[in-house]
Number of protein chains: 2
Amino acid sequence: MQGTPQFSTRQRILGAAEALFAERGFAGASLRQVTAAANVNLAAVNYHFGSKDNLIEEVFRRRLDELSRKRLELLAKIDAAGGAHLEALLDAFITPALELSLDRRGGSVFMRVLARAFAEHNSHLRRFLSDNYGYVLKDFAAAFARLLPHLDREELYWRLDIAVGALTYAMADFGVIQRRTGQSEREHREQMTRHLIHFTAAGLRA
Amino acid sequence: MQGTPQFSTRQRILGAAEALFAERGFAGASLRQVTAAANVNLAAVNYHFGSKDNLIEEVFRRRLDELSRKRLELLAKIDAAGGAHLEALLDAFITPALELSLDRRGGSVFMRVLARAFAEHNSHLRRFLSDNYGYVLKDFAAAFARLLPHLDREELYWRLDIAVGALTYAMADFGVIQRRTGQSEREHREQMTRHLIHFTAAGLRA
DNA sequence: CCTGTTTTCAAACAATCGTTTGAAGTCTAG
DNA sequence: CTAGACTTCAAACGATTGTTTGAAAACAGG
């Protein structure tokens with residue numbers, strides 16, 4: 001009987017794992033630290049997820065399923081509206097991630113976990129992400145290609161690669177700019193998003 | 001007596017640690033893996049470096065001292081030449097990192113280690129890097145400010161933060177674009193650098 | 001209330017972690 | 001050649017790693 005509603009053991013493990021993976025990395029966060037933070041027995045991880053590797057995958061799945069859905073939903077809306085411009089397309093890609101990073105019921109650190117996945121050159125993890133969520137990037141790439149017909153395929157892919165890097169790095173809050181005192185997290189994030197879209201659109205167009 | 005010249009125990013440890021930190025992260029690479037790869041006794045790490053944390057710092061110091069020196073040297077040349085333009089400034093920042101990533105006598109994976117340092121939100125490591133090498137970014141920021149007088153301080157810092165993110169991510173080779181078959185590593189890297197400068201310059205200017 | 005399933009738990013597993021030890025080996029100056 | 005400093009080595013330290021176990025607890029439908 002606590003003030004906060006009681007989440008299931010599964011959910012508590014996922015939340016604690018997400019936070020600790022963001023802070024200390026996948027290898028750096030131990031299952032004992034995770035289960036202690038989740039207020040759950042150590043064996044619960046292997047009972048519910050089978051192994052630490054499976055837990056890691058599940059941390060991604062929990063967020064990326066919805067994130068990908070929202071991104072493609074916004075992309076579809078833009079496509080339906082006919083001629084979109086670059087900023088709207090970038091907005092469709094970024095906004096769902098922004099919402100996630102502002103979600104107080106968890107998820108506020110997930111983008112950092114996602115950025116860690118890029119840093120891990122772990123081929124297994126990369127394949128998992130590519131196999132399950134690569135189609136999102138593919139769909140967006142096609143939309144960008146339609147909007148930037150003057151760029152040949154190779155040129156476009158290079159620019160998108162760089163753009164994804166800038167977005168990933170920024171959304172993970174890896175930069176040196178700190179939130180100003182008196183500024184809310186939301187204001188800070190929204191300001192970052194504005195600059196991010198402006199910067200990236202210029203880079204793609206140039 | 002081997003074909004390759006004999007490096008000192010210290011150097012071999014640093015090289016092996018760099019490679020393994022790049023591949024598996026600081027927590028993910030154990031000292032036993034490092035010493036085995038370096039063909040060196042386990043105790044040698046603590047003898048020569050005191051601790052794993054000190055070894056990590058030394059891995060950075062070995063490369064960043066020279067990298068920072070070269071960057072500032074190129075920056076000084078540009079300043080001396082009078083009016084520079086954005087692309088030259090970005091080139092001064094990137095080229096030393098590019099050379100490092102092409103150095104076959106080691107260093108080819110260091111940029112990946114550096115990117116990992118950003119992913120680690122470890123405050124100790126961040127302070128170490130900021131205290132010892134932060135002045136390089138400061139000097140470059142001042143040069144960018146002179147070149148982009150229409151941007152106010154806050155706007156400039158946001159753009160530079162995003163630009164550093166794009167550079168870090170790309171130089172660490174975190175992207176999805178693979179080197180084409182038949183293309184040398186040098187050609188691949190130089191092509192990446194060209195796109196990177198073009199993209200970033202546009203983002204800063206816009 | 002009882003039976004069978006699902007979940008939690010303390011305890012232990014072998015393996016690996018960073019670090020320390022003291023002796024053996026290598027080197028260099030006198 | 002020898003004394004002393006520097007470096008390497010195998011072995012062990014206690015602590016921590018992911019995972020497994022079998023029993024206790026909680027829950028379910030009949």
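Here is how names work: the chains are called A, B, and so on, in the same order as the sequence lines, proteins then strands, and each is numbered from 1. The figures here come from the full heavy-atom set of this structure, side chains too, leaving out hydrogens, waters and symmetry mates. If you're wondering where the values come from, they're calculated on a predicted model, not measured in any experiment.
Following rounding to the nearest Å, B:Asn46 (CG) and D:dC6 (P) show an atom-to-atom distance of 18 Å. Taking atom CZ of residue B:Arg10 and atom C1' of nucleotide D:dC6, one finds them 14 Å apart after rounding to whole Å. When rounded to the nearest whole Å, the span between CD of B:Gln33 and P of D:dT17 equals 16 Å. Here the C1' atom of nucleotide D:dT7 and the CG atom of B:Asn39 are 16 Å apart, to the nearest Å. D:dT8 atom P lies 7 Å from atom OH of B:Tyr47, rounded to whole Å. Counting to the nearest Å, the C1' atom of D:dT17 and the CZ atom of B:Arg32 are 12 Å from each other. To the nearest angstrom, P of D:dA15 lies 19 Å from CG of B:Leu31. Distance A:Asp53 CG to D:dT19 P: 7 Å, rounded to the nearest Å.
Relative orientation of the B:Phe60 and B:Phe26 rings is tilted, given thresholds of 30° and 60° on the angle between their planes. Note on ring orientation: taking the six-membered ring where Trp is involved, the planes of A:His195 and B:Trp158 are parallel (angle under 30°, cut-offs 30° and 60°).
Distance check, rounded to the nearest 0.5 Å: CG of A:Leu67 to CZ of A:Arg62 gives 13.0 Å.
Remark: A:Arg71 does not engage A:Asp139 in a salt bridge, criterion side-chain N to carboxylate O under 4.0 Å. A salt bridge is defined here as a Lys NZ or Arg NE, NH1 or NH2 lying under 4.0 Å from an Asp or Glu carboxylate O, and B:Arg10 with B:Glu58 meets this definition.
First and last contacts of DNA chain C with chain A, using any nucleotide atom under 4.0 Å from a protein heavy atom and ordered 5' to 3', fall at C:dT6 to C:dA12.
As judged by a 4.0 angstrom heavy-atom cut-off over every strand, B:Ala43 is placed among the base-contacting residues.
More than 12 non-hydrogen atoms from other residues, nucleotides or ligands lie less than 6.0 angstrom from CZ of A:Arg69.
The nearest heavy atom of DNA chain D to B:Ala44 and to A:Ala29 marks one nucleotide each, and the one closer to the 5' end goes with B:Ala44. Between A:Thr9 and A:Leu42, the residue anchored nearer the 5' end of DNA chain C, judged by the nucleotide with its closest heavy atom, is A:Thr9.
In the model, B:Asp161 has no side-chain atom that pairs as donor or acceptor with a side-chain atom of A:Tyr169 under 3.5 Å.
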